[in-house]
Protein chains: 2
Amino acid sequence: MAAESPAGQSPSRGKRSDAQRNRQTVLAAAAEVFATSGVDAPIRRIASRAGVGMGTVYRHFPTRADLVTAVYHHQIEECAEAGPTLLADADSPLDALRQWIDLFVDFLVTKHGLADALQSDSDRFAALHTYFLDRLLPVCAQLLDAAVESGDIRPGTQPYELMRGIGNLCVGRDDDPRYDPRRLIALLLAGLRQPRTP
Amino acid sequence: MAAESPAGQSPSRGKRSDAQRNRQTVLAAAAEVFATSGVDAPIRRIASRAGVGMGTVYRHFPTRADLVTAVYHHQIEECAEAGPTLLADADSPLDALRQWIDLFVDFLVTKHGLADALQSDSDRFAALHTYFLDRLLPVCAQLLDAAVESGDIRPGTQPYELMRGIGNLCVGRDDDPRYDPRRLIALLLAGLRQPRTP
DNA sequence: GACTGAAGCGGAGCGCCGCTCCAGTTAATT
DNA sequence: AATTAACTGGAGCGGCGCTCCGCTTCAGTC
């Protein structure tokens with residue numbers, strides 16, 4: 001509970017009161033702008049929406065990734081914490097995995113361009129990539145291991161590969177009725193299941 | 001053989017000789033630059049590499065997508081034509097589908113950032129997306145149908161969704177040894193297989 | 001309340017990019 | 001040789017990321 005700060009990004013603690021206030025203002029503005037224009041929105045716009053200068057935004061969040069992680073921090077955290085809970089409550093490890101992936105996918109597809117940013121090969125987002133991985137990879141690994149252990153799915157799948165695959169499947173135009181990443185992810189999970197050895 | 005021109009993009013025919021020459025020069029320069037810097041490379045750079053002005057590039061290829069499609073035209077065509085051939089030669093329709101997807105994936109992953117561009121939600125690449133779909137979707141549909149017909153895979157999968165999924169899985173950093181899209185695509189295909197109804 | 005130095009602020013400025021536009025050049029035709 | 005339609009190139013505009021530094025404001029001190 002004490003150790004916050006995702007990536008060297010120190011929150012308000014010990015800072016001057018105006019700085020704390022500004023940090024919050026920027027965060028709120030960024031959240032609004034991200035929601036309407038995606039996480040690629042110009043920093044200028046976020047700054048002016050917050051009523052501050054660009055310098056202020058950049059001081060609090062040196063890279064765009066820092067800003068994005070700060071905005072979505074809570075939701076990432078929730079997703080991470082849901083892992084063990086689901087594993088404890090679900091009917092089977094495979095079911096837990098399925099439900100957790102659902103959660104993750106919901107998160108990705110409801111944020112414009114977030115999945116795109118995550119997988120982007122521009123290094124503007126490298127820190128974001130890293131943060132997601134640090135936080136969620138262990139959770140995914142735990143679920144995967146449990147499902148292998150129980151014999152629900154075949155062994156050999158790397159958590160990193162699975163998570164990237166899921167992230168990748170969520171990339172792209174957000175509102176194309178012909179494309180629903182969930183269907184493909186279901187297919188992927190079906191492929192993961194242990195072929196019953198009769 | 002007569003009808004070329006992917007997207008309203010008329011090739012050299014009937015143009016002035018200097019224009020024809022320039023078109024080829026630009027195409028060659030673009031191919032080189034794409035190979036080294038990806039399909040996102042600045043138009044300025046392509047122009048200067050070709051020794052022409054930007055205006056020239058833009059006149060021959062009004063959008064970036066036009067340039068990209070022109071550069072990869074042959075390979076897309078090959079891929080499209082391979083579909084029926086594979087279907088005729090392979091052991092089973094599913095095998096043909098597998099091999100065709102392999103071909104497609106190889107094409108995508110060997111071109112820096114091509115998959116990224118394909119799925120990008122920026123509309124700079126909309127025409128590229130369209131061209132790929134126009135040319136390859138029918139082929140994929142044919143293979144898919146055949147595999148359904150033969151009972152190899154379950155029905156109900158939309159060709160569009162499958163192709164986008166495959167494209168999406170190829171997105172991202174090109175040289176991460178931890179991530180091989182092929183493994184996930186194999187998983188996807190496994191999920192597609194008809195569950196033997198015992 | 002006045003003083004002060006450090007922390008914070010903002011936006012002008014630089015470089016890079018996509019894309020347009022038009023005065024000048026060149027190839028084809030007569 | 002003259003004509004003209006086609007073609008050319010790059011200056012120029014607007015937008016963006018990011019930095020840098022003179023100015024402002026806060027928070028302790030007396």
Side-chain angles (χ1 to χ4, degrees), chain A residues 9-30 33-34 36-68 70 113 116-117 120-128, chain B residues 8-30 33-34 36-68 113 116-117 120-128:
Chain A
Q9 190 41 250
S10 58
S12 339
R13 272 263 277 255
K15 299 288 171 189
R16 253 169 55 172
S17 65
D18 56 341
Q20 293 183 33
R21 229 180 310 122
N22 269 331
R23 188 177 197 276
Q24 292 309 318
T25 312
V26 168
L27 225 36
V33 174
F34 285 169
T36 61
S37 314
V39 295
D40 260 325
I43 296 291
R44 267 179 175 77
R45 182 146 54 202
I46 295 168
S48 81
R49 177 112 181 190
V52 303
M54 279 186 308
T56 302
V57 176
Y58 276 109
R59 194 167 330 93
H60 286 291
F61 308 98
T63 77
R64 181 181 227 91
D66 294 324
L67 185 50
V68 176
D116 303 53
S120 151
D121 55 0
S122 122
D123 37 19
R124 256 176 27 190
F125 285 109
L128 180 61
Chain B
Q9 189 44 252
S10 58
S12 340
R13 272 264 277 252
K15 300 287 169 187
R16 248 169 59 172
S17 66
D18 55 342
Q20 293 183 34
R21 229 178 311 121
N22 270 332
R23 187 176 197 277
Q24 291 310 317
T25 312
V26 168
L27 225 36
V33 175
F34 285 169
T36 61
S37 314
V39 294
D40 261 323
I43 297 289
R44 267 178 176 78
R45 182 146 53 202
I46 295 168
S48 81
R49 176 111 181 191
V52 304
M54 280 187 307
T56 302
V57 177
Y58 276 108
R59 192 165 335 91
H60 286 290
F61 308 98
T63 76
R64 181 181 227 87
D66 294 324
L67 185 49
V68 176
D116 304 53
S120 153
D121 53 2
S122 124
D123 36 20
R124 258 176 25 192
F125 285 109
L128 180 60

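This is a predicted model, so every value here is computed, not measured. Chain letters run A, B, ... following the sequence lines, proteins first, then strands; residues in each count from 1. The figures here come from the full heavy-atom set of this structure, side chains too, leaving out hydrogens, waters and symmetry mates.
- When each of A:Asn22 and B:Pro42 is assigned the nucleotide of DNA chain C bearing its nearest heavy atom, the one mapping closer to the 5' terminus is A:Asn22.
- Although no hydrogens or angles enter the test, the distance criterion places no donor-acceptor pair under 3.5 Å between the side chain of A:Ser37 and the main chain of A:Phe34.
- Here CZ of B:Phe61 is found 4.5 Å from CG of B:Leu27. Values are rounded to the nearest 0.5 Å.
- Atom pair B:Arg21:CZ and C:dT25:P shows a separation of 18 Å (rounding to whole Å applied).
- The A:Ala19 side chain lies nearest to C:dC9 when the options are C:dG10, C:dC17, C:dC9.
- Extent of DNA chain D lying under 4.0 Å from chain A heavy atoms, first and last nucleotide in 5' to 3' order, is D:dC16 to D:dA27.
- Position along DNA chain D of the nearest nucleotide to A:Arg124 versus B:Val52 favours B:Val52 as the more 5'-ward residue.
- Taking every side-chain heavy atom of B:Ser17 into account, C:dA27 is the closest of C:dG10, C:dA27, C:dA12.
- If you take CG of B:Asp18 and P of C:dA27, they are 6 Å apart, rounded to a whole angstrom.
- Residues A:Val39 and A:Gly113 come closest through the heavy atom pair CG2-O, 3.6 Å.
- The distance between atom CD1 of B:Ile46 and atom C1' of C:dC19, rounded to the nearest whole Å, is 14 Å.
- Between B:Tyr58 atom OH and C:dC21 atom P there is a gap of 13 Å when expressed in whole angstrom units.
- Two residues are said to be in side-chain contact when any heavy atoms from C-beta on lie closer than 4.5 Å; B:Arg124 and B:Thr63 fail this criterion.
- Closest-nucleotide positions on DNA chain D for B:Gly53 and A:Gly55 were compared, and the one nearer the 5' end corresponds to B:Gly53.
- Nearest heavy atom pair, residue B:Arg49 against residue B:Ala29, reads CG-CB, 3.8 Å.
- The distance from atom CZ of B:Arg59 to atom P of C:dT26 is 15 Å, rounded to the nearest whole Å.
- Between the CD atom of A:Gln20 and the P atom of C:dC9 there is a distance of 11 Å, given to the nearest Å.
- In this structure, A:His60 places its NE2 atom 4 Å from P of C:dC9, rounding to the nearest Å.
- Within the 4.5 Å cutoff, the side chain of B:Thr25 has no heavy atoms near those of the B:Thr56 side chain.
- Residue B:Arg16 has its side chain nearest to C:dT26 when only C:dG13, C:dT26, C:dC9 are considered.
- At least one side-chain heavy atom of B:Ile46 sits under 4.5 Å from a side-chain heavy atom of B:Leu67.
- As a whole-Å value, the separation of A:Arg44 CZ from C:dC9 P is 19 Å.
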